[in-house]
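Report on one structure; see the data block that follows.
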Amino acid sequence: MDGNKRWVDGELQHPDRDPKRREFVAEAQDPFGVILSCIDSRVPPELVFDTGLGDLFVMRTGGQVVGPVVVGSVEYGPMTSGTPLVVVLGHQRCGAVKAAYEALKDDKPLPGNLRPIAEALRPARRETVRQQHADPVDAMVRIHTEQTAADLRTDKDLAPLVKQGELAVVSAYFSLDTGRVEVLSGAPSARPEDDGNRAAKNVPRPVTLYSCRP
């Protein structure tokens with residue numbers, strides 16, 4: 001995750017953000033990753049990973065919860081463009097998760113359309129309670145993020161790509177305090193001896209979080 005390291009170290013390169021890049025991607029795009037993250041204003045994926053125009057497909061929902069439209073949006077890159085990486089990104093001190101945790105604990109529904117968000121987070125709260133964490137809200141963020149990534153890996157349309165090694169679905173956690181992204185599960189890997197076989201079969205090498213451009 002070179003881009004995130006630059007963010008943590010304060011050595012941003014701001015790649016792919018000039019007029020030439022804008023003109024280059026105006027007719028077509030080929031992002032190297034899909035990011036599903038929270039709406040939180042402190043977690044902008046393009047900055048967190050120091051990327052630019054045409055580098056990422058980005059979806060943001062409260063607590064990075066998913067539904068049919070969101071899953072379809074996640075599927076778009078891998079299924080139409082061969083995008084090899086999906087990252088589900090949770091984060092420290094998530095307000096949506098905290099609100100859902102308290103509402104579910106106290107059995108007090110959230111107002112308006114916040115209720116479906118809380119309901120989507122119910123499985124994560126159930127697992128959090130079962131595991132008895134000292135910081136249940138932070139644990140719930142991590143558990144929900146991993147659960148969401150696991151659900152996407154077994155999605156009927158994405159699962160074949162995962163099985164073939166053409167797609168990695170990763171869960172990760174962003175620290176507001178340090179700016180660091182921690183991989184929770186699903187980090188892809190390729191053995192060097194596999195590269196020749198994959199090349200001979202014209203199969204793309206799995207993209208790792210640690211070698212994504214820029």
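What's counted below: heavy atoms across the whole structure, side chains too, no hydrogens, waters or symmetry copies. Numbers here are sequence positions counted from 1.
Residues L121 and I117 meet the side-chain proximity criterion, which asks for heavy atoms closer than 4.5 Å. Contact annotation: the side chain of H144 approaches that of V65 to within less than 4.5 Å [non-hydrogen atoms, C-beta and beyond]. Counting heavy atoms from C-beta outward, R93 and D177 have side chains that approach closer than 4.5 Å. Under the 4.5 Å side-chain criterion, counting only non-hydrogen atoms from C-beta, D9 is not in contact with W7. Within the 4.5 Å cutoff, the side chain of E75 has no heavy atoms near those of the L161 side chain. You'll find the side chain of C94 reaches within 4.5 Å of the side chain of H91, heavy atoms only. Residues Q92 and E182 form no side-chain contact, since every pair of their non-hydrogen atoms from C-beta on lies 4.5 Å or further apart. A heavy-atom distance below 4.5 Å is not found between the side chains of V97 and R125.
For D138 and R142, the salt-bridge test passes: some basic side-chain N is under 4.0 Å from an acidic carboxylate O. Under a 4.0 Å N-O distance rule, the pair E23/K20 does not qualify as a salt bridge. One finds a salt bridge joining E127 and R130 here, because a Lys/Arg side-chain nitrogen approaches an Asp/Glu carboxylate oxygen to under 4.0 Å.
Note that CG of L104 and CD of E119 are 6.5 Å apart. Values are rounded to the nearest 0.5 Å. Considering CZ of F32 and OG1 of T83, their distance stands at 10.5 Å, rounded to 0.5 Å. The distance from atom CD of Q147 to atom OG of S185, rounded to the nearest 0.5 Å, is 10.5 Å. Here NE2 of H14 is found 8.0 Å from CG of L47. Values are rounded to the nearest 0.5 Å. Separating the CG atom in D55 from the CG atom in D16 is a distance of 4.0 Å, to the nearest 0.5 Å. Atom CG of L36 sits about 8.5 Å away from atom CG of L89, to the nearest 0.5 Å.
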Self-check item: Derivation of the side-chain contact (heavy atoms from CB on, under 4.5 Å) call for Y173 and V141
Solution: CA-CA 8 Å; Y173 175 91; V141 171; 4.1 Å; yes

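Between the side chain of D50 and the backbone N or O of N4, no donor-acceptor pair lies under 3.5 Å. Of the possible donor and acceptor atoms, none in the side chain of R115 sits under 3.5 Å from a partner among the backbone N and O of P109.
Using a 4.5 Å cut-off between side-chain heavy atoms of Ile, Leu, Val, Met, Phe, Trp and Tyr, with links allowed through other members, V88 and M1 fall into different hydrophobic clusters. F57 and V48 are not part of a single hydrophobic cluster, where members link through side-chain heavy atoms under 4.5 Å apart. The hydrophobic cluster containing I39 does not contain V43, counting ILVMFWY residues as joined when their side-chain heavy atoms lie under 4.5 angstrom apart, directly or transitively. L56 and V25 are not part of a single hydrophobic cluster, where members link through side-chain heavy atoms under 4.5 Å apart. No continuous path of ILVMFWY side-chain contacts below 4.5 Å connects M59 to F49, so the two sit in separate hydrophobic clusters.
Partners of R42 according to the side chain to side chain donor-acceptor pair (under 3.5 Å) rule, which considers only residues two or more places apart in sequence or in another chain, are D40.
Of all non-hydrogen atoms in A100 and M140, the two that sit nearest each other are CB-CE, 4.4 Å. Pairing each heavy atom of T128 with each of P136, the nearest pair is CG2-O, 3.3 Å. Taking both residues in full, the closest heavy atoms of D155 and P160 are given as O-CD, 4.3 Å, listed atom of the first, atom of the second, then distance. Here the shortest heavy-atom pairing between P44 and R60 reads CA-NH1, 3.9 Å. Pairing each heavy atom of A149 with each of S171, the nearest pair is CB-CB, 3.7 Å. Nearest heavy-atom pair across F174 and G179 is CE1-O, 3.0 Å.
Heavy atoms from other residues, nucleotides or ligands lying under 6.0 Å from CG of N113 number 12 at most.
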